[in-house]
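Each ligand, and each atom within it, is numbered from 1 in the order the structure gives.
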Amino acid sequence: MTARRVVVAGAIVADRRLLLAQRGYPAEVDGLWELPGGKAELGESPESALRRELREELGVEVRVGTALRESVALRHDLVLVALRAYIEDGSPRAVEHRALRWVDADELRSLHAEGSLVPADTAWVPELLVDLARR
Ligand code: DCM
């Protein structure tokens, strides 16, 4: 049996806004918005992977918090998890994405309703809306 690889994504909420990143590739998701992140290397913890990915993709240093409850099977060997993350240093820049955007709860609902989120990430919308009402 092969181990399941983990893809980690960061739920960064500050001042009642969530940071979303717009993908440029592949074609199926070009222009759609996601929680930024990426694949953990073999032997790398999800927390370390998220810190590395957010450093590479956004140019920020984060502290990693708790996981969102939902996880998503992307393929039989790949599972997508979201971890809460808090920016400790730097301002996010779209190094590898088309654009970045801080959205409030209403904007997140609208993006979801119009099909502008990466499909896998829609699983987190209910939990993200709860977080957005709190922090
Ligand atoms: N992915 C996703 N949602 C995210 C981050 C990643 O569905 N928030 C998926 C897209 C790819 C895989 O995980 O299938 C690896 O991501 P990437 O291409 O960004 O390395």
Minimal non-hydrogen separation, [X] against [Y], with atom names:
X      : Y     : result
Leu128 : Ala11 : CD2-CB, 3.9 Å
Arg51  : Val64 : CG-CG2, 3.8 Å
Ala99  : Trp33 : O-CZ3, 3.8 Å

* To do: Just need the protein heavy atom nearest to atom 5 (C) of ligand 1, so name the residue and atom and give the distance.
  =>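 Atom 5 (C) of ligand 1 sits closest to the protein heavy atom Glu34 OE1, 3.3 Å.
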
* To do: Would you mind checking which non-hydrogen protein atom is closest to atom 13 (O) of ligand 1, with the distance to 0.1 Å?
  => Leu74 CD1, 3.4 Å

Proximal candidate to [atom] [heavy atom criterion; set [options]]:
atom                    : options                    : value
atom 20 (O) of ligand 1 : Ala120, Gly38, Pro36, Ala9 : Gly38
atom 17 (P) of ligand 1 : Arg23, Glu96, Lys39        : Arg23
atom 3 (N) of ligand 1  : Asp121, Val118, Val7, Val8 : Asp121

* To do: Please name the residue in the list Leu20, Leu117, Ile12, Leu80 that meets the side chain to side chain contact (heavy atoms under 4.5 Å, CB included) test with Leu35.
  => Leu20

* Under a 4.0 Å heavy-atom limit, does Val29 contact ligand 1 with its side chain, its backbone, both, or neither? -> neither

* Quick check: are there more than 12 heavy atoms from other residues, nucleotides or ligands sitting under 6.0 Å from CZ of Arg5? -> yes

* **Protein non-hydrogen atom found under 4.0 Å from atom 9 (C) of ligand 1** => yes

* To do: Carefully, step by step, assess Arg55 and Glu61 under the rule salt bridge (charged side-chain N to carboxylate O under 4.0 Å, His left out).
  => CA-CA 6 Å; Arg55 194 178 297 132; Glu61 295 299 323; 2.8 Å; yes

